[in-house]
Number of protein chains: 2
Amino acid sequence: MAFEKEHKILDGYLRDKGLKQSAQRRDILNAFLKTEGHMTVEDLHKIVKRKNPSIGIATIYRALKMFCECGLCRELRLGDGMIRYEHKYGHAHHDHFTCLKCNKLIEATDPEIERLQEKLARKMGFKLQGHLLILYGLCRECK
Amino acid sequence: MAFEKEHKILDGYLRDKGLKQSAQRRDILNAFLKTEGHMTVEDLHKIVKRKNPSIGIATIYRALKMFCECGLCRELRLGDGMIRYEHKYGHAHHDHFTCLKCNKLIEATDPEIERLQEKLARKMGFKLQGHLLILYGLCRECK
DNA sequence: CAACTTATTGATAATGATTATCAATATCAA
DNA sequence: TTGATATTGATAATCATTATCAATAAGTTG
């Protein structure tokens, strides 16, 4: 299954916090890492169930929250009432474009936009720590 | 109370859709318009209650949804689990900056960023119809 | 290895914002 | 004035997420 680096990050986090390991959490991490895209908790629950049918959904919630805390995962609130999760470790920062017709979600970045955000924040006297940018519209296929 | 223009917009919308007027909705619109900032449904409910103590919260939900449909109001999902509402009519487009310490919410815009978003979307083959940009960090007072 | 402390798990109850339902009432056109 | 129908307010339903809790597993210490 590999993913040694990611497991090492999780293990380091557990050690730092004095927490314990568990087979369930390892299974969830593997399923999370091998699944590309922007998962919902329910999506991941279904996937992990194939390997461990008795896993509870509360455990998925708990694990994803922990993965976010140790930098393996990023939370994504697109305004559809569900939190989505994507890989963070080893992935450059990016924003998102969602198609209003087919609901496709695509990653997008522009370093120039990032730079201007910094500049705007500075101009207003703020210390920028992060941002959320979602572009809405019609994708190539739907427009 | 004035706000003639905004009431005219609402009335036109009602006429177009074959809907009826109501004193409650007019009260809600006045309360909405006279309140600056980024209101939550509950905020507005409290305010309207001062004039009409028997107004139900469901009516506030319904009215705000309608105000959004006719362009008087904009919905704002900041990821804190509640939808916030702000004036849209007569207000230039703007994005938001939220302070992670004091939760202050401030409006911000940069026409250059807007332009680059258009460009980025075009480059990816998308037709841009809107965007959501929230900057997170520490404000002048908290940093 | 055994005993003990404590984190984890899975089931399920609780939460909380929003939506749907419904009978009573208000609006508006004929 | 009447009839059709939109609106209202109360409240039940929904649904994603969180909290609770007893049972179990992990890891530490003697």
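In what follows, every chain begins at residue 1, and chains take the letters A, B, ... in the order their sequences are listed. Just so it is clear, the structure is predicted and the values come from calculations on it, not from any experiment.
- Set against dA11(C), dT7(D), dT18(C), the side chain of Ala58(A) has dA11(C) as its closest nucleotide.
- Applying the 4.0 Å criterion to OP1 and OP2 of dT19(C), one finds that Lys65(B) has a side-chain N or O inside that range.
- For His45(A) and dA11(C), the NE2 to C1' distance is 11 Å, given to the nearest whole Å.
- Rounded to an integer number of Å, the gap from CD1 of Ile60(A) to C1' of dA16(D) is 15 Å.
- Of the listed nucleotides (dA16(D), dG9(D), dT8(C)), dG9(D) has the atom at the smallest distance from the side chain of Thr59(B).
- Listed candidates were dA16(D), dC28(C), dT8(C). Nearest to the side chain of Met82(A) is dA16(D).
- Atom CZ in Arg15(B) sits roughly 15 Å away from atom C1' in dT27(C) (whole-Å rounding).
- Contact annotation: Gln24(A) does not reach the phosphate of dT8(C) (side-chain N/O to OP1 or OP2, under 4.0 Å).
- Taking the side chain of Asn52(A) as heavy atoms from C-beta on, and the options dT8(C), dG9(D), dG10(C), the nearest nucleotide is dG10(C).
- As a whole-Å value, the separation of Lys20(B) NZ from dA4(D) P is 12 Å.
- At whole-Å resolution of the value, CD in Glu42(B) and P in dG16(C) are 11 Å apart.
- With a 6.0 Å radius and a threshold of 12 heavy atoms from other residues, nucleotides or ligands, Lys5(A) has its NZ atom at or below the threshold.
- The nucleotide whose nearest atom lies closest to any side-chain atom of Arg62(B) is, among dT8(D), dA6(D), dA25(D), dT8(D).
- For the 3.5 Å distance criterion, the side chains of Asp43(A) and His38(A) fail to qualify, holding no donor opposite an acceptor.
- Considering all non-hydrogen atoms of both residues, Tyr61(B) and Val41(B) come closest at CE1-CG1, 3.6 Å.
- A ring pair (Phe, Tyr, Trp, His ring centres under 6.0 Å) with His91(A) is found for one member of His93(A), His87(A), His94(A) and no other, namely His87(A).
- The interatomic distance linking Tyr61(B) (OH) with dA13(D) (P) rounds to 18 Å, in whole Å.
- Straight-line distance from the CD1 atom of Ile57(B) to the C1' atom of dA12(D): 15 Å, rounded to whole Å.
- In this structure, Thr40(B) and Arg26(B) both approach DNA chain C, and ranking their closest nucleotides by distance from the 5' end singles out Thr40(B).
- For dA26(C), the OP1/OP2 oxygens have no side-chain nitrogen or oxygen of Ser22(B) closer than 4.0 Å.
- Between Tyr85(B) and Glu75(B), the closest heavy-atom pair is CE2-CG, 4.0 Å.
- Spacing between atom NZ of Lys49(A) and atom C1' of dA11(C) amounts to 12 Å, rounded to whole angstrom units.
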